[in-house]
Amino acid sequence: MENKKFYITTPIYYVNAKPHIGHAYTTIAADVLARFYRQQLGKENVFFLTGTDEHGAKIQKKAEEAGKSPQEFVDEISSEFKKLWAKDKLNIEYDNFIRTTDGTHIKAVQRVLQTLKDKGAIYKGEYEGLYCVGCEQFKNEDDLVNGKCPDHGTAPDLMKEESYMLKMTEIQAELLEKIEKEEFKVTPEKYKNKIVSFLKNQTLHDVSISRKNVSWGIPLPFDESHTTYVWVDAFLNYLTGLGWDGDENNLPEMWPVDINLIGKDILRVHATIWPAILIHLGIKLPKIIFTHGHILSDGKKMSKTLGNTISIDEMLEKFGTDGTRYLLLSAGPFGEDIDVTMERMVEKYNADLANGLGNLISRVIKLAEGYEFENKNEYDPLIWNKGFIEAFWMDKALERISDHLIRKSNKYITDNKPWELKKTDEAKFKEVMQKLISDLYLVSELFIPFMPETSEKIKKALETKKLDEVLFQRIK
RNA sequence: AGCGGGAUGGAGCAAUGGCAGCUCGUCUGGCUCAUAACCAGAAGGUUGUAGGUUCGAAUCCUACUCCCGCAACCA
């Protein structure tokens with residue numbers, strides 16, 4: 001059955017640091033999907049949500065270090081994300097940008113927590129964790145260096161603290177069933193397998209959903225001495241981002257989520273705590289959790305220590321908005337880890353965009369100058385990419401446009417020599433050019449979701465037979 | 001230790017039982033409409049190692065080597 005609406009989300013990004021290439025990758029992919037479905041279903045039937053996650057101990061600490069209030073700090077970083085998504089940067093066309101510090105979000109979260117408490121899904125228990133006395137905070141294994149707090153050089157103590165807990169064990173069987181039956185589809189397959197084996201092999205323990213000594217968070221409505229643990233706060237954005245007020249009997253029309261797009265680092269929580277909350281509330285689960293891989297650089301995780309990071313600003317500067325969008329999406333199969341290096345991206349940029357697409361447009365426009373041609377393309381652009389995009393094969397979709405249209409057109413020009421025909425056989429010349437122009441109209445339409453600006457520029461050039469600027473100047 | 005992913009011509013990838021293909025790079029030739037771009041042809045691989053199954057293996061099985069990641073409240 002055909003979906004009549006399409007609701008897609010990115011994770012909301014934690015504002016402990018400025019946006020990086022990974023955030024950009026997820027968001028570009030979501031944007032391409034959203035733009036594609038807007039073409040298919042109409043703008044009003046698509047909702048694309050992104051935003052920022054702004055509470056928690058880590059933020060509180062970072063703000064302190066920066067000598068700012070938490071609110072100032074999160075305002076600043078959140079706006080960095082917004083700027084990066086703007087038209088002059090990555091050109092992300094979201095329908096809403098939610099912030100977990102929005103008043104409406106906070107109210108809705110509190111309402112949900114109260115409901116969960118009333119339903120008996122939340123109880124008072126104890127959270128056990130590694131506590132650093134110097135930081136007055138619980139630490140995660142990942143925060144530690146050689147088992148010691150990096151700030152204080154001391155090993156944290158195993159400590160217990162009063163905390164409210166969300167019942168996980170009792171929903172485990174139901175969750176597993178929903179995942180196995182793909183009522184709650186975790187995809188690609190390998191990630192589903194991961195989660196299924198995880199859920200089969202151990203009993204989920206109840207999770208702590210509050211913190212006692214973190215002030216930068218949403219206070220529990222039934223115990224103001226606790227703030228809400230960030231994950232619980234964050235997950236609910238997928239609902240509050242639609243304007244939901246926290247009443248489970250009054251869900252937004254766009255619900256459920258069609259695609260929760262996430263990176264593999266946050267798969268486990270998204271496939272356990274998030275659905276657990278919804279099951280407790282009696283709300284339908286998202287249809288699909290799509291997990292994509294990470295961006296590696298030279299086969300390794302990007303890290304400052306290794307010095308192999310590639311900044312998104314650097315990419316934008318070098319490749320422009322559409323170049324960056326193209327390169328990230330075509331770097332490898334969506335879902336797998338993709339490996340990028342600046343060197344290879346420059347190569348691909350030159351090969352596909354400058355020498356391929358850009359040069360093709362130049363030569364066709366020059367040849368067509370002074371003549372009139374229409375768009376006589378016979379293919380339906382909405383069908384052309386459909387199968388691929390529905391399968392999330394954005395890289396394959398791009399590859400096929402390159403192969404079937406761009407390379408073929410270049411060959412067609414060489415084979416038919418329109419510059420000669422122009423002098424010797426005008427009828428044939430017009431026929432050849434008409435075919436080229438029509439194919440390029442198709443190219444411009446197919447690129448709409450991927451490279452909206454470029455698509456526009458191509459269309460304009462085809463209509464006016466003039467190219468105002470060189471598309472994708474070759475990088476030396 | 002365990003779990004997951006991977007190893008294919010110089011580089012990056014494709015091919016899940018049937019002649020090992022694509023892009024980039026290299027070499028040679030062609031073209032001159034175009035962004036020193038475009039087109040054609042060529043060279044280059046005993047598919048990580050060792051065994052096994054099969055008429056047939058990159059693909060299935062076993063063992064091993066190496067690389068990467070994960071190892072629940074890290075957003």
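Residue numbering restarts at 1 for every chain, and letters A, B, ... go by the order of the sequence lines.
A cation-pi contact, defined as under 6.0 Å to the ring centre and within 45° of the axis, links A/Arg400 to A/Trp384.
Look at A/Lys366 and you'll find a side-chain N or O under 4.0 angstrom from OP1 or OP2 of B/A34. The side chain of A/Lys190 contributes no N or O atom lying less than 4.0 Å from OP1 or OP2 of B/G69. For A/Arg474 and B/A37, the shortest distance from a side-chain N or O to OP1 or OP2 is below 4.0 Å.
Counting non-hydrogen atoms under 4.0 angstrom, A/Phe472 reaches a base of the nucleic acid. Nucleic acid contact class of A/Lys301 (heavy atoms, under 4.0 Å, all strands): sugar-phosphate only. If you check every strand for non-hydrogen atoms under 4.0 Å, A/His205 touches a base.
A/Asn410 and A/Arg363 are linked by a side-chain donor-acceptor pair at a separation below 3.5 angstrom, with hydrogens and angles left out of the test. Remark: the A/Asp206 side chain and the A/Tyr123 side chain contain an N/O donor-acceptor pair separated by less than 3.5 Å.
A side chain to side chain donor-acceptor pair (under 3.5 Å) with A/Thr50 holds for exactly one of A/Thr26, A/Thr10, A/Thr27, A/Thr9; it is A/Thr10.
Under the 4.0 Å criterion applied to side-chain N and carboxylate O atoms, A/Glu431 and A/Lys435 are not assigned as salt-bridge partners.
Atom name C1', nucleotides B/A72 and B/A50: the rounded distance is 39 Å, in whole Å. Straight-line distance between the C1' atoms of B/U65 and B/U54: roughly 26 Å, to the nearest whole Å.
The CD-C1' distance, from A/Glu420 to B/U32, rounds to 10 Å in whole Å.
Ring centers of A/Tyr229 and A/His55: at least 6.0 Å apart, outside the cut-off.
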If a pair means Watson-Crick or G-U wobble with both distances below 3.5 Å, what does RNA chain B look like in dot-bracket form, with | marking bases paired to a different strand? .((((((..((((....[..)))).(((((.......))))).....(((((..]....))))))))))).....

